[in-house]
Every structure is written in C-alpha cells, then in structure tokens.
Q: 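Take this structure, written in structure tokens, and hold onto it; I'll ask about it next.
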Amino acid sequence: MALTPEQNQLIDTLVSIAGRNYVFTDKGKMQAYTNGFRFGSGEALAVVRAGTLLEIWQALTACFAADVAVIMQAANTGLTGGSTPDGKDYDRPLVIISTMRIDQIQLIDDAKQIIGLAGSTLFGLEETLAPHGREPHSVIGSSCIGASIVGGICNNSGGALVRRGPAYTELSLYAQVDANGELSLVNNLGIDLGTTPEQILTNLQQQNYSTQDVHFPDKKASDHEYQTRVRDVDADTPSRFNADSRRLYEASGCAGKVAVFAVRIDTYPIAKKKQIFYVGANEASTFAIIRRDILSQFKNLPASGEYLHRDCYDVSKQYGKDMFFVIDKFGPNTIPKLFSLKRTVDRIADKISFLPKKMSDRLMQYASALLPNHLPKRMEQFRDTYQHHWILETEDDGVEETRQYLDTLFANNEGGYFECTEKEGAQALLHRFVTGGAIGRSHIMNGHKNGAMMTIDVAFPRNERDWFETLPPEIDDKIANKWYYGHLFCHVMHQNYIVKKGVDAKLLKQQILATFDQRGAEYPAEHNVGHEYAAKPPLREFYKKLDPTNSFNPGIGKTSKLKDWAE
C-alpha cells in the first residue's frame with residue numbers, strides 16, 4: 001500500500017533522528033519486531049532502533065505530532081504478543097520503537113541498587129553485579145533469552161525466586177500522553193537530573209549526576225511484602241498474578257501504556273553456600289505437604305522450587321536437547337545471538353515457497369538427534385521412578401534445614417530425593433529452563449498429527465491442596481497431549497495443551513479457563529495479558545489512567561485499538 005505524504009514525512013523525520021541504518025520500513029526487516037516471540041503478529045509503518053534516550057523522546061514527539069500510535073519494544077521475548085502489533089484493525093498507523101541499543105546499567109549505593117536504561121538486559125545485569133558479590137532480581141529462565149529489565153517491570157514478570165517475588169519498582173522515568181494529547185516526561189527515579197526532557201535524558205545516559213543528587217525516597221524498588229504473602233498458605237487468593245492491583249504502579253505493570261526510559265531496582269547479595277535438592281514423588285499430595293511445611297514452618301525459605309512433570313521431562317529431553325547443549329557448552333550469552341540467527345533463517349526460508357515454516361527449528365531438531373544423552377544418570381533414574389519432579393534450590397542456613405526436613409519426611413512418606421553435585425544442579429535447572437521452547441518445538445515437528453497448541457500460565461490460590469490438574473472427561477477427551485511445569489511454591493503453573501484434530505481450540509481454552517475460575521485462580525500469572533487474554537476491569541482502568549488517549553500499545557489485553565478508547 002502506498003504511503004501518504006504525511007507518513008513519508010514522518011519516516012524522513014525518524015531517519016533524521018535515529019539514522020537511516022536504524023529505521024526499517026521493509027516488511028522483511030521489520031518481521032523480527034512485528035512478530036511475537038511465540039504469539040501474535042501485525043503490521044507497522046516503521047521500526048525505529050533508537051540509540052539514545054533523547055532519540056526515543058524525539059521519535060515519540062514526531063509520532064504523536066503525526067497522529068501515529070507507538071509500541072515500545074525491548075527484547076520481544078514475551079509469550080503473549082504484548083509488545084507487538086496484533087492484526088490490522090487499528091485506526092492509526094503504528095511505529096515500533098526498539099530500545100535494545102540503549103543497554104546501559106548504572107550502579108548506585110554500592111551496587112545495592114541499579115538504574116537500568118530502556119534496553120538493559122537481565123543477563124547484562126547479572127554480569128555487571130557479579131564482581132560486586134550481588135545478583136539481580138531474576139536469574140532464572142528469561143535472563144538466558146536476553147529479556148530486558150524494563151520489560152520485566154512493565155509486565156510484573158517473574159516471581160520464581162521465592163524470597164523476591166515479581167519484578168516491581170516505584171522508582172522510574174517515563175513519558176506519557178495526557179487527556180489533551182500532550183506528551184510529558186515524569187522523573188520519579190529519585191535522582192536530580194535537570195528540568196527539561198533534554199537535560200534529564202542526556203544527564204541520565206551520560207551519568208552526569210553525583211551521589212548528592214541521588215535520594216532515597218519512601219518508595220519501594222522491589223516487592224518487600226512478598227515473603228510474608230507467599231508464606232500465607234491458608235489464604236484463598238494467589239500469591240502473585242499479573243493483574244494484582246497492589247503491584248500496579250506507574251511503570252510497574254504498565255504493559256507499554258507509557259514509554260519507560262529507566263527503572264531503579266534493588267539487587268541482592270550472592271549466597272555464600274548453595275545446594276540443589278532433586279525431589280521425586282508419584283503422589284501430588286506429597287508435594288503439597290512439602291510445599292505447606294516449608295512455607296509455613298521453615299526459618300529460611302528456599303531460593304526457588306521448579307516443578308516438572310514426567311511428560312515435561314521427556315519432551316524437554318527430546319526437543320530441548322540442542323538448546324540445552326548450546327547453553328551448557330557455550331554459556332547463556334550465546335542465546336540472544338542464536339535467536340537472532342533463527343529469525344534470519346526463518347525470514348529467508350519464508351520467502352521460498354517449498355520450504356516449511358519454522359525452518360530453523362526443524363534443522364536444529366534434526367541436528368540434535370546426533371547429540372548423546374545429556375542428562376545425569378541420577379535424574380534419569382528418578383524419571384523412571386517418579387512422575388513428579390521438584391528442583392529445590394536452597395542457600396546458606398536453608399541447606400541444612402532442608403536436608404533434615406527431607407530426611408525426616410521420606411522416612412515415613414513415599415518419594416525420595418538426592419543432593420545434586422554442582423554440575424547436576426546446573427543441568428537440572430537448565431533442563432527445566434528449556435522446557436517451554438521444547439514444547440513449542442514438539443508442536444512444530446508433530447503439528448500435522450494434531451490440532452492447535454494452547455499455553456496457559458495460571459496462579460492458583462495459596463490454600464489449594466489439589467494443585468495437580470484433573471480435567472473433566474468432556475474436556476480431557478479433546479486433548480492429545482498435556483504438559484505441566486511451573487513454580488510450585490507460589491502455585492504458578494505453566495499448563496500446555498495440544499488439542500486433537502478438529503477441536504475448536506479457542507472454545508476449549510475458554511472451558512479450561514472456566515475451571516480455573518471455579519477454583520479461584522488468576523490468569524495470566526506472569527506473562528502479561530498481551531493480545532491473548534482480556535484485561536480484567538481493574539487492569540483496564542489502570543491502562544486508561546496511564547494512557548487516556550490510547551496512544552501507546554493500543555489493543556493490549558483485548559482493549560480498544562482506537563484513539564481515545566473508542567469502541
């Protein structure tokens with residue numbers, strides 16, 4: 001479709017701001033930004049890869065002057081399409097502003113806190129903090145893919161680490177559009193940086209401020225209440241979920257309804273001693289007992305507790321072997337580059353009519369067949385013995401507390417455990433990490449045999465004892481495969497289903513979600529509503545308050561895609 005003179009003028013302006021090499025209008029080049037990591041796709045007028053915070057501000061100013069909506073995008077690793085366009089039914093063109101070139105991380109207060117700029121990543125933060133004996137809020141899963149710090153805050157992501165909870169801060173720097181369509185910059189970082197947007201953004205990026213300019217207001221830079229909340233095992237509400245109103249605050253949970261330039265968050269000391277216990281059981285009730293005992297009675301909470309069902313163990317072993325091998329042998333810093341290469345291969349293959357979709361996954365799967373078995377013998381033995389697997393990561397005084405408890409428990413209950421060597425522990429966590437991608441790969445390789453794939457992350461109430469799902473026969477009969485994994489301490493489960501051929505997946509998903517409603521569950525738990533779930537009323541109102549003209553990320557949570565929230 002031919003562009004209007006106004007649209008061509010906007011593109012010229014964006015080129016003058018960011019440079020011709022960093023403004024894309026070709027559909028092929030934009031594909032990595034317009035297609036979600038796992039879900040969702042749409043069209044954009046242009047993609048701007050801003051190189052400075054000031055360039056973001058200037059691009060926003062130009063877009064809104066031209067009556068063009070904006071989607072702010074960081075790593076684009078979300079699972080629900082929350083940072084990409086969705087279809088074509090928008091009333092204005094969309095411009096995607098990618099922030100990943102702006103990846104600076106600044107340390108303050110002796111590295112007890114950090115300022116993460118718009119494109120800074122969890123992996124980069126882990127590397128930055130290590131020499132200071134500290135670590136980031138999240139060190140599981142998403143850090144290996146290359147997820148951004150700001151993206152985690154915007155989506156209230158994470159929470160797998162039991163003592164830290166979901167990503168959250170009340171200290172941020174962001175731009176928003178008011179009800180009159182005026183763009184303004186809000187500096188709530190707690191740092192004196194100047195008065196104009198140009199001063200604030202330039203001084204921050206150049207770190208042109210002193211320790212005297214850094215203040216410590218009575219605002220949180222993490223979820224300080226989470227440990228108390230997760231320990232309340234008799235509460236009839238979930239410990240964490242994406243739309244929890246107590247964690248919706250400016251940038252936190254905004255889902256891109258404001259443009260976040262930077263966030264200020266807490267860091268954590270690295271434990272002096274760590275030990276991973278690999279626990280197995282055949283009765284789900286055994287894990288229910290362990291969960292309640294540890295959360296309610298232990299003095300020292302574990303660092304994390306990652307659950308894996310035997311079927312997940314198997315699919316991860318078969319279809320996640322290549323990803324496991326790459327991370328194990330070459331380190332997690334290779335993963336962003338690998339995903340970039342995958343996207344390039346798929347983009348080229350999509351232009352060749354006789355080649356199948358997702359060509360990169362098919363090539364990697366065929367290559368993985370040449371690799372030897374990569375899992376430790378003791379894990380393999382537990383796979384054959386038990387259907388439920390739980391990876392308990394403990395630290396410092398919690399190590400001995402956990403050891404004594406498990407010895408006592410399994411003296412009188414079914415199940416068992418072993419203490420992992422350092423290598424076994426790393427391999428157990430890595431095996432769990434690659435599960436999500438392995439399930440997607442399985443569907444790519446075997447999709448012709450069955451119907452669609454559904455992925456749901458759900459938070460069950462803290463007092464739920466029957467945590468392992470048993471579906472009614474009228475639903476279960478329509479499903480070909482089920483895979484369950486998740487974070488058992490907080491009762492957040494990732495439940496994946498492959499429906500049988502001919503089954504209406506959308507209708508079946510609503511039936512499954514209805515069973516969650518009956519159990520008092522909340523969904524999605526940690527992956528944002530994106531374009532897959534409808535935002536519930538409190539979340540919709542939060543979005544409208546942040547963005548009254550619907551200028552940022554229109555349509556998120558199945559809300560209106562039209563200007564001023566028109567229906």
Side-chain angles (χ1 to χ4, degrees), residues 155-168 220 222-249 252-253 281 283-299 301-302 304-307 309 388 390 392 405 409 455-472 475-476 482 484-495 509-529 533-542 557:
N155 296 327
N156 281 343
S157 298
L161 300 187
V162 184
R163 298 195 299 271
R164 301 178 191 176
Y168 180 76
K220 298 181 179 70
S222 61
D223 189 349
H224 298 171
E225 304 168 357
Y226 187 70
Q227 284 195 40
T228 301
R229 187 173 178 84
V230 77
R231 281 183 178 276
D232 187 0
V233 295
D234 292 316
D236 60 1
T237 56
S239 58
R240 63 181 176 95
F241 55 98
N242 182 260
D244 187 351
S245 58
R246 74 184 186 89
R247 290 189 293 102
L248 299 176
Y249 187 93
S252 292
E283 300 295 332
S285 59
T286 301
F287 281 5
I289 292 169
I290 296 173
R291 174 186 172 273
R292 288 182 64 87
D293 286 350
I294 288 178
L295 291 178
S296 62
Q297 300 174 19
F298 272 35
K299 181 180 180 181
L301 286 178
S304 68
E306 295 297 293
Y307 169 75
H309 185 266
H388 300 294
W390 202 358
L392 298 184
Y405 170 79
L409 178 86
T455 60
I456 302 174
D457 66 299
V458 56
F460 292 109
R462 285 165 280 175
N463 64 354
E464 175 67 80
R465 294 174 185 265
D466 296 326
W467 59 272
F468 190 72
E469 182 173 68
T470 302
L471 289 169
I475 294 178
D476 200 50
K482 293 176 292 189
Y484 300 110
Y485 63 100
H487 321 294
L488 203 52
F489 282 119
C490 53
H491 265 178
V492 168
M493 296 295 294
H494 301 286
Q495 307 198 160
K509 184 172 184 176
Q510 293 307 310
Q511 293 172 336
I512 293 174
L513 294 180
T515 69
F516 296 162
D517 294 335
Q518 293 170 4
R519 298 170 64 184
E522 293 281 354
Y523 50 85
E526 61 182 13
H527 286 155
N528 194 324
V529 289
Y533 298 92
K536 293 183 178 180
L539 189 57
R540 294 168 71 97
E541 291 308 308
F542 177 64

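Counting begins at 1 with the first residue of the sequence.
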Q: My understanding is that only residues two or more places apart in sequence, or in another chain, count here; which of them pass side chain to side chain donor-acceptor pair (under 3.5 Å) with E469?
A: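 For E469, the residues satisfying side chain to side chain donor-acceptor pair (under 3.5 Å) (neighbours in sequence not counted) are Y484, Q495, Y497.
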Q: Quick check: closest heavy atoms across V162 and S304, and the distance to 0.1 Å?
A: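 Closest heavy-atom pair between V162 and S304: CG2-CA, 3.8 Å.
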Q: Strictly by salt bridge (Lys or Arg N to Asp or Glu O under 4.0 Å), give each pair with a member in residues 283-294 just once, sequence neighbours left out.
A: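 The answer is D234-R292.
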Q: Could you work out, with side chain to side chain donor-acceptor pair (under 3.5 Å) as the rule, every residue matching D457, not counting sequence neighbours?
A: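 Listed in chain order: nothing, the list is empty.
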Q: If only atom types and distance count, is the side chain of R240 paired as donor or acceptor with the main-chain N or O of H491 below 3.5 Å?
A: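 Not at all, since once roles are kept as given, no pair shorter than 3.5 Å links the two residues.
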Q: Do V230 and R462 come close enough that some side-chain heavy atom pair is under 4.5 Å?
A: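 Not in contact.
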Q: Between V458 and A521, what is the shortest heavy-atom contact and its length?
A: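 Closest heavy-atom pair between V458 and A521: CG2-CB, 3.6 Å.
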Q: More than 12 foreign heavy atoms under 6.0 Å from CG of D466: is that the case here?
A: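 Atom CG in D466 is not packed in, count stays at 12 or less.
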Q: Over 60° means perpendicular and under 30° means parallel, so tell me whether H388 and H309 are parallel, tilted or perpendicular.
A: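 Correct class here is perpendicular.
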Q: Under the ring-ring contact (aromatic ring centres under 6.0 Å, His included) rule, collect the residues that match up with F489, sequence neighbours excluded.
A: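 If we apply the ring-ring contact (aromatic ring centres under 6.0 Å, His included) test to F489, skipping adjacent residues, the hits are W390.
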Q: How long is the straight-line distance from CG of D244 back to CG of N156, given to the nearest 0.5 Å?
A: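 Rounded to the nearest 0.5 Å, the CG-CG separation comes out at 8.0 Å.
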Q: What distance do F460 atom CZ and M493 atom CE have between them, rounded to the nearest 0.5 Å?
A: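 Output value for this atom pair is 7.0 Å.
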Q: Examine distances only and state if a side-chain atom of S239 and a backbone atom of C490 form a donor-acceptor pair shorter than 3.5 Å.
A: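 Flag set: sc S239 to bb C490 pair under 3.5 Å.
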Q: The test is salt bridge (charged side-chain N to carboxylate O under 4.0 Å, His left out); show your working for D476 and K482 and say whether it passes.
A: CA-CA 9 Å; D476 200 50; K482 293 176 292 189; 2.6 Å; yes
Q: If the condition is side chain to side chain donor-acceptor pair (under 3.5 Å), which residues does R465 pass it with, not counting sequence neighbours?
A: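 Side chain to side chain donor-acceptor pair (under 3.5 Å) list for R465, sorted by chain: empty.
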Q: Could you pull out the closest heavy-atom pair between L301 and R231, with the gap in Å?
A: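 Shortest heavy-atom separation between L301 and R231 comes out as CG-NH2, 3.3 Å.
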Q: Is the closest basic N to carboxylate O distance between D223 and R246 below 4.0 Å?
A: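 Looking at R246 together with D223, the answer is yes, because their closest N to O distance falls below 4.0 Å.
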Q: Measuring from atom CD1 of I294 to atom CD1 of I289, what distance do you get when rounded to the nearest 0.5 angstrom?
A: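 Rounded to the nearest 0.5 Å, the CD1-CD1 separation comes to 12.0 Å.
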Q: Please report the C-alpha distance between N155 and H527 in whole Å, then the side-chain angles of each, then the deciding distance to 0.1 Å, and finally whether the side chain to side chain contact (heavy atoms under 4.5 Å, CB included) criterion is met.
A: CA-CA 7 Å; N155 296 327; H527 286 155; over 6 Å; no
Q: What are the two closest heavy atoms between A459 and V492, and how far apart are they?
A: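 Closest approach of A459 to V492: CB-CG2, 4.0 Å.
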Q: For Q511 and T515, run side chain to side chain contact (heavy atoms under 4.5 Å, CB included): C-alpha distance rounded to whole Å, both residues' side-chain angles, the deciding distance at 0.1 Å, then the answer.
A: CA-CA 7 Å; Q511 293 172 336; T515 69; over 6 Å; no
Q: Could you tell me how the ring of Y533 sits relative to the ring of Y523: parallel (under 30°), tilted (30 to 60°) or perpendicular (over 60°)?
A: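 Because their plane-to-plane angle lies in the 30° to 60° range, the rings of Y533 and Y523 count as tilted.
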Q: Please list, chain by chain and in numerical order, all residues satisfying side chain to side chain donor-acceptor pair (under 3.5 Å) with K220, sequence neighbours excluded.
A: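 In terms of side chain to side chain donor-acceptor pair (under 3.5 Å), with neighbours along the sequence ignored, K220 is linked to no residue.
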Q: Which heavy atom of A284 sits nearest to which heavy atom of F468, and what is that distance?
A: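 For A284 versus F468, the nearest heavy atoms are CB-CB, 3.8 Å.
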Q: Enter the distance from H494:NE2 to Y307:OH here, rounded to the nearest 0.5 Å.
A: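 Output value for this atom pair is 13.0 Å.
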Q: Can you tell if the side chain of F287 reaches within under 4.5 Å of the side chain of W467, non-hydrogen atoms only?
A: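 Yes. Closest side-chain heavy atoms under 4.5 Å.
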Q: Please round to the nearest 0.5 Å and tell me the distance separating atom CZ of F241 and atom CD of E526.
A: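 Between F241 CZ and E526 CD, I get 13.5 Å after rounding to 0.5 Å.
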Q: Over all heavy atoms of both residues, which pair between A243 and L539 is shortest? Give the atoms and the distance, please.
A: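 Heavy atoms of A243 and L539 come nearest at CB-CD2, 4.0 Å.
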Q: Distance check, rounded to the nearest 0.5 Å: N242 atom CG versus S157 atom OG?
A: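 N242 CG to S157 OG: 7.5 Å, rounded to 0.5 Å.
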